[in-house]
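Below is one structure; the comments refer to it alone.
Quick note: numbers below take in every heavy atom, side chains included, and nothing from hydrogens, waters or symmetry partners. Indexing begins at 1, ligand by ligand and atom by atom, following the structure's order.
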Amino acid sequence: MTVPLALPQLSRPLSVVVASKNGVKINAVAAAVRVAFPGLEHSVRGADSDPGVPDQPFGDEQTLLGAYNRLACLAAEPAHAGSLLCAIEGGVGWAAPAPHGWGAPQQRKAGGEQQQQPQLQQGAQRGAQEDGQQQQQQRQLECFAWAVVQAPGGRCSHARSASFLLPPAIAELMLTEGLELGAADDRLWGRVKSGQGSGTIGHLTGGLLTRQAYYQHAVACALVPLMQPAWYPEHAGEMLDAAAGAEAAPPLAGGSEEGTTGP
Ligand SMILES: O=P(O)(O)OP(=O)(O)OP(=O)(O)OC[C@H]1O[C@@H](n2cnc3c(O)ncnc32)[C@H](O)[C@@H]1O
């Protein structure tokens with residue numbers, strides 16, 4: 001049994017602001033909002049933002065920070081009060097290691113069944129450490145993104161995209177020449193601004209999964225608490241605030257209208 005979506009009842013169209021001018025990100029957010037809140041009247045626009053991390057973030061921590069920094073830029077703009085704010089940051093990092101003993105085929109062949117016994121005895125932690133080092137030695141990179149949303153009421157929620165292994169040739173260009181993923185993709189495959197088109201994932205999957213669709217899922221996942229406030233009590237009322245905004249907010253103590261929110 002699926003849980004019905006909780007569509008916010010708004011007195012005016014929901015304003016959605018995306019922390020990027022990259023059409024891929026704007027379209028990904030627009031598509032996610034359409035799916036998350038079907039039939040809800042809304043507008044979507046992109047705005048400049050500063051991730052405050054290297055142009056090519058490395059690892060989850062830096063990439064998530066970049067997404068939150070972008071969001072902070074939007075939140076600092078008074079004109080965005082009462083809007084749903086969304087930020088996406090693309091990152092790369094060391095590929096997640098396979099369980100101990102599953103890293104390289106030659107290891108499995110060499111160890112055979114005996115190889116599995118030490119795994120149980122030594123525990124997962126040592127295996128993970130060894131294989132983590134192995135990923136670095138093998139210079140295997142994965143690509144992923146973090147999506148962050150801030151409800152009109154101010155509460156944030158984030159989600160990580162799926163990840164995929166980057167081809168060794170791309171990883172080498174990034175690790176040895178310091179290229180961003182988009183630049184490495186363009187160089188290797190003779191493309192132009194691939195990050196604003198189908199993206200590396202689009203190229204590698206023959207269009208089966210584009211960068212936009214890939215990001216749309218991450219944004220939809222970040223929106224889950226806002227789609228189901230009954231199941232996430234901390235998010236209850238966060239979307240309704242958009243409607244409460246300037247028109248319906250009660251006056252502050254003393255009768256002043258100052259401090260009410262709204263575009
Ligand atoms: O205008 P902004 O929002 O900054 O868009 P961007 O694509 O440059 O922003 P990110 O910071 O999210 O991405 C970091 C880098 O990773 C690149 N990148 C990430 N995913 C990619 C993909 O699937 N295909 C190509 N490049 C990608 C991107 O082009 C950047 O060089």
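- The distance from ligand 1 to the heavy atoms of Ser20 drops below 4.0 Å at these ligand atoms: 1 (O), 2 (P), 3 (O).
- At the shortest separation from atom 24 (N) of ligand 1 among protein heavy atoms lies Thr200 N, 2.7 Å.
- Considering backbone and side-chain atoms alike, Arg70 places an N or O below 3.5 Å from some N or O of ligand 1.
- By the 4.5 Å heavy-atom criterion applied to side chains, Pro57 and Glu89 are counted as neighbours.
- Remark: the backbone N or O of Ala19 is paired with a side-chain donor or acceptor of Arg70 at under 3.5 angstrom.
- Which of Glu180, Arg211, Glu89 comes nearest to atom 13 (O) of ligand 1 through a heavy atom is settled by distance: it is Arg211.
- In this structure, Trp189 and His203 have tilted ring planes: the angle between them lies in the 30° to 60° band.
- Of the protein's heavy atoms, none falls inside 4.0 Å of atom 8 (O) of ligand 1.
- The protein atom (non-hydrogen) at minimum distance from atom 17 (C) of ligand 1 is Gly182 N, 3.6 Å.
- The shortest distance between side-chain heavy atoms of Ile88 and Arg211 does not fall below 4.5 Å.
- Atom 10 (P) of ligand 1 has its nearest heavy-atom neighbour, among Lys25, Gln56, His203, Arg191, in Lys25.
- Residue contact check for ligand 1: Phe144 places no non-hydrogen atom closer than 4.0 Å to it.
- Using a 4.0 Å cut-off between heavy atoms, Asp55 contacts ligand 1 through its backbone alone, with no side-chain atom that close.
- Taking the side chain as every heavy atom from C-beta outward, Phe144 and Asp60 approach each other to under 4.5 Å.
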Under the criterion side chain to side chain contact (heavy atoms under 4.5 Å, CB included), I'd like the reasoning laid out for Leu74 against Gln150: C-alpha separation, chi angles, the key distance, then a yes or no.
CA-CA 10 Å; Leu74 297 187; Gln150 184 176 43; over 6 Å; no
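- Less than 4.0 angstrom separates some heavy atom of Tyr215 from each of these atoms of ligand 1: 19 (C), 20 (N).
- Of the listed residues (Leu188, Leu175, Leu204), just one forms a side chain to side chain contact (heavy atoms under 4.5 Å, CB included) with Ile170, and that residue is Leu188.
- Geometrically, ligand 1 and Gly90 share a nitrogen or oxygen pair separated by less than 3.5 Å.
- The closest approach between Lys21 and ligand 1 stays at or above 4.0 Å for every heavy atom of the residue.
- Under a 4.0 Å heavy-atom criterion, Val24 is not in contact with ligand 1.
- Residues Ile26 and Val44 meet the side-chain proximity criterion, which asks for heavy atoms closer than 4.5 Å.
- Shortest contact from atom 27 (C) of ligand 1 to any protein heavy atom: Leu181 CD2, 3.6 Å.
- Without hydrogens or angle criteria, Glu142 side chain to Ser163 main chain gives no donor-acceptor distance under 3.5 Å.
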